[in-house]
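Here is the structure we will look at.
Position 1 is the first residue of the sequence; numbering continues from there.
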Amino acid sequence: MRVCAKFRTGDVHLRCVFFHIVFVGLCGATAVYASNFKVTSVQVRAVGSALSLRGTLELGLTPAVEEAIANGIPIELAIDVRLYRERPFFWDERVGNWTLRRELRYYALTGQYLISAGIGAPVTRESFVSLNEALTQLGSLEDLPLALTAPLPSETQYRLELRAGLNVEALPALLRPVAYTSRAWDLNSGWTTWGVQR
């Protein structure tokens with residue numbers, strides 16, 4: 001790190017931070033990580049021309065991702081939601097598709113973690129003093145409205161699929177190649193299926 005020590009300003013310092021994170025990520029690329037994202041509970045209700053979504057996500061981070069956050073690199077949680085109309089003799093028909101985004105960022109100056117909504121969502125910001133508190137709130141889905149083009153017919157059954165994952169595309173460009181190739185950055189719950197209540 002002697003080369004990095006000579007330059008402490010602007011882009012050069014930021015590149016040194018990225019180099020360190022990339023090095024740690026590559027060293028741990030073959031390690032097996034128990035941390036991951038899990039969808040532990042979801043309740044979906046049809047309310048008029050919208051769905052009301054509640055749920056809980058367990059967001060276990062790997063050391064490489066935690067270190068990146070501690071160095072001021074924001075991470076974005078992407079929650080993909082799909083709605084299907086069940087059909088007995090055909091493939092189920094997809095009738096809705098949403099992506100919810102939330103950003104987590106650490107500010108060293110204030111020592112706080114900030115959660116903000118993604119683009120297109122209502123502007124909300126919440127701050128926390130610990131990473132665990134921030135992750136708990138980040139994984140808490142509380143009555144999120146998902147707009148429908150029309151109310152769901154009562155005589156038809158619907159199911160919802162939900163997946164939570166780290167959005168690698170939202171990372172800084174220098175970090176993306178490592179994130180795509182390292183298991184330390186492969187944080188994804190996989191698709192889970194839940195019934196829609198009336």
- Message: If you apply the rule side chain to side chain contact (heavy atoms under 4.5 Å, CB included), what do you find for Leu187 with Val65, and how did you get there?
- Response: CA-CA 10 Å; Leu187 299 174; Val65 177; 4.0 Å; yes

- Task: Evaluate the side chain to side chain contact (heavy atoms under 4.5 Å, CB included) criterion for residues Trp191 and Leu162: first the C-alpha distance (whole Å), next the side-chain angles of each, then the deciding distance (0.1 Å), finally the verdict.
- Result: CA-CA 6 Å; Trp191 289 103; Leu162 187 143; 5.6 Å; no

- Query: Going through the distances and angles, do Ser140 and Glu142 end up as a side-chain hydrogen bond (donor to acceptor under 3.5 Å, both in side chains)?
  - Reply: CA-CA 6 Å; Ser140 177; Glu142 301 174 358; 3.0 Å; yes

- Full working for side chain to side chain contact (heavy atoms under 4.5 Å, CB included) between Leu141 and Thr56: CA-CA 6 Å; Leu141 311 178; Thr56 305; over 6 Å; no

- Message: Show, in sequence, the C-alpha distance, side-chain angles and deciding distance for Leu135 and Leu131, and conclude whether the side chain to side chain contact (heavy atoms under 4.5 Å, CB included) test is met.
- Response: CA-CA 6 Å; Leu135 290 174; Leu131 180 58; 3.9 Å; yes

- Message: Between Tyr106 and Tyr113, is the ring-ring contact (aromatic ring centres under 6.0 Å, His included) condition met? List the steps.
- Response: CA-CA 4 Å; Tyr106 176 67; Tyr113 297 86; 4.6 Å; yes

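A pairwise comparison of heavy atoms in Ala179 and Val168 identifies CB-CG1, 3.6 Å as the closest pair. Across Ala46 and Leu51, no two heavy atoms sit closer than the pair CA-CD2, 3.9 Å.
A donor-acceptor contact shorter than 3.5 Å is absent between the side chain of Ser189 and the backbone of Phe37. With Arg45 contributing its side chain and Arg198 its backbone, the two residues share no donor-acceptor pair below 3.5 Å. Within the 3.5 Å criterion, the main-chain N or O of Asn188 finds a donor-acceptor partner in the side chain of Asn36.
Under the 4.5 Å side-chain heavy-atom criterion for grouping Ile, Leu, Val, Met, Phe, Trp and Tyr, Leu114 is not connected to Leu61 through any hydrophobic cluster. Criterion: ILVMFWY side-chain heavy atoms under 4.5 Å apart, direct or through other members. Under it, Tyr84 and Val39 are not part of a common hydrophobic cluster.
Judged by distance alone, the side chains of Tyr180 and Glu169 do bring a donor and an acceptor atom under 3.5 Å apart. Side-chain contact annotation: Thr192 with Trp194, donor-acceptor N/O pair under 3.5 Å present.
Atom CZ of Arg94 has more than 12 neighbouring heavy atoms from other residues, nucleotides or ligands inside a 6.0 Å radius.
One finds the OG1 atom of Thr136 at 9.5 Å from the CD atom of Glu58 (value rounded to the nearest 0.5 Å).
A salt bridge links Glu103 with Arg105: the closest approach of a Lys/Arg side-chain nitrogen to an acidic carboxylate oxygen falls below 4.0 angstrom.
Listed by chain and number, the residues in a salt bridge (charged side-chain N to carboxylate O under 4.0 Å, His left out) with Arg159 are Asp92, Glu161 (sequence neighbours excluded).
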